[in-house]
Amino acid sequence: QAGSAPAMKAGHPDVEEPEPDAEKRLKARRLTITFVSLLIVGLGNKLFVKLMTFPLYNYPVFVNLVSSFIYIPTSFLYIIPMIMLGRVSKAERNVPQVVFVVMGALDALAGIMQLFATNFIASGSLLILLQQASIPLSMLISKFALDAKYTLFQYLGAAVVVVGIIVILSPSFSDGGGDSCQSFQCNPILWSGVLVLSCVPMCLSTVYKERALAKVDIDPIYLNGFVSLWQFVISIPLSVPAAPLSGVAVSDVPANTWNGWLCYMGHNSVLEAEATAMRPADDCFPQALIFLSAYLVFNQLYNILIILMLKFGSANLLYLVMTLLVPLGNIAFALPFMPSAQPLTLINFVGLIIIMAGLFCYRFLDKIARRKVLPRGELTSQDSIERARRAAVIMGSATGTFALEGSQYLIDDVVLTSPNFEKLRRSPAQIRAGYLFKLGLGSSPAASPLLDRSVLGPAYYGPAGTLAADRRAPILAGDSECDVLGTPSNPTVGFGGTVPQSVFSDTVVFTVPGPADQHHGQ
């Protein structure tokens, strides 16, 4: 933190000096590297989540269990040393396990629905386009669960996305899922519906994370470790009712899972002589090892880079990457050298254009029309750390394959532009003043970030003896006023008047020197 803090002018500890050109170039280079890395890794994540299902087509239960299990050792390799070193706070340890159980259950349900749908939807391009259905569904859930407020452009964008999804699914509706389809395993309408409905537990998990942990300073890796643990545990019994959907009898689930591991290691269990239309012969080596391992690596790197983008860049740049991944993924799956490549049809192309228009309308058009941009550039000190931490809490889930599309409202409006969060931003001088005041060394409560002029506005700082609007009395009883940083120009001046209750969080009472009695003023 100290190394990244901006330089301050002498005598004015809260006034930032212009950054040197070298530091600006360093930040620009870091942001560019993060942006390009996120674009490449995000594309790899979208490609390999489908590619891994080609050699492991007969083993979706195994793939689902491995996808959730891999986060347990990688997370606890960090968690255990942190606990031993005393770096895990009491507040983190006191989070009830039932909170992690609920998150794990929702993520397990979303994860198994997504993995099975990904396994049985033949077109990778269709997968990428269907993922955008999480936007209108997350809007509905956020509307009822968080009383989210959306603009006309966002409603219009979500509606356009729905139209685009209907367009790309129209061929499946017209032929009833395919003339040669003899089982629900190859029914694109069914699995498209499963993939869309998986957004419901995914979005509920996202909302629950924000509701349950927004006020807890919890390490995202600590959170992810316990959520992944319970997700894996709950995925085991969920595999029993899910197995028949992949053509595996309940009694054969253990054997099928073991054969999935053997396939990952390069051994074919379903041979040509045993193969059927619904259960093709295995072709495990070396694709299974390469594709599944690549997905697991890309998926973890993707989640890390998302947090770095929110810290070093802005949510707008993150949404730009997400939007660019849609056409890039469609083009990549159509390339001739891709396994099971499928060229883009006219319907796919029209649906892609419509969905892209909806995404642009939902994510950017409102900001362009209102000239409302989210914070840009590197956030400083505790501000950047806190924002990145809360974003990591929201997205700290092993299910994160398709989670980002449904998290925009929380990342944008709740985490990055929340009025309550902005009120709590504190400068170094305000932090020092708060400590001095608690120690009884005379620093004024006007140094509190909640009394910052940028928070209260000029109406709170009327001349002495006059009342401001809405029963707001002047903060200073003398002729002096608070300067722009909320520090008294004259430390000996008394304080009088009242501050509306809404300024303070919950029930915070300040006892400050008053003009009549320097020890017992209000």
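The ring of Tyr78 has its center no closer than 6.0 angstrom to the ring center of Tyr222.
For the side chain to side chain contact (heavy atoms under 4.5 Å, CB included) test with Ile306, the passing option among Leu38, Val321, Val41, Leu301 is Leu38; the others fail. When the options Tyr295, Phe298, Tyr302 are evaluated for a ring-ring contact (aromatic ring centres under 6.0 Å, His included) with Phe48, the one that passes is Phe298.
Looking at residues two or more places apart in sequence or on another chain, you find a side chain to side chain contact (heavy atoms under 4.5 Å, CB included) between Ala334 and Leu344. For Ile234, the side chain to side chain contact (heavy atoms under 4.5 Å, CB included) test picks out Val101, Ala105, Ala108, Leu238, with sequence neighbours left out. Leu204 is linked by a side chain to side chain contact (heavy atoms under 4.5 Å, CB included) to Leu106, Ile141, Val200, counting only residues two or more places apart in sequence or in another chain. For Asn268, the side chain to side chain contact (heavy atoms under 4.5 Å, CB included) test picks out Leu271, Asp282, Cys284, with sequence neighbours left out.
More than 12 heavy atoms of other residues, nucleotides or ligands lie within 6.0 Å of CZ in Phe76, so this atom counts as buried by the packing criterion. In the displayed structure, Glu274 atom CD is contacted under 6.0 Å by more than 12 heavy atoms of other residues, nucleotides or ligands.
Proximity of a side-chain donor or acceptor of Ser198 to a complementary backbone N or O of Leu195 within less than 3.5 Å is detected. With hydrogens and angles ignored, the 3.5 Å screen pairs no side-chain donor or acceptor of Thr53 with any backbone N or O of Val49.
Residue pairs satisfying the ring pair (Phe, Tyr, Trp, His ring centres under 6.0 Å) criterion with at least one member in residues 324-359, sequence neighbours excluded, are absent. Among residues at least two apart or in separate chains, ring pair (Phe, Tyr, Trp, His ring centres under 6.0 Å) pairs with a member in residues 99-119 are Phe100-Phe226.
Gln154 approaches Lys149 most closely through the heavy-atom pair OE1-O, 4.3 Å.
Counting only heavy atoms from C-beta outward, the side chains of Ile70 and Gln300 approach each other to under 4.5 Å. Contact annotation: the side chain of Tyr71 approaches that of Asn303 to within less than 4.5 Å [non-hydrogen atoms, C-beta and beyond].
Thr345 and Asn348 form a side-chain donor-acceptor contact under 3.5 Å, judged by distance and modelled atom types alone. For Ser228 and Gln231, the side-chain atoms include no donor-acceptor pair closer than 3.5 Å.
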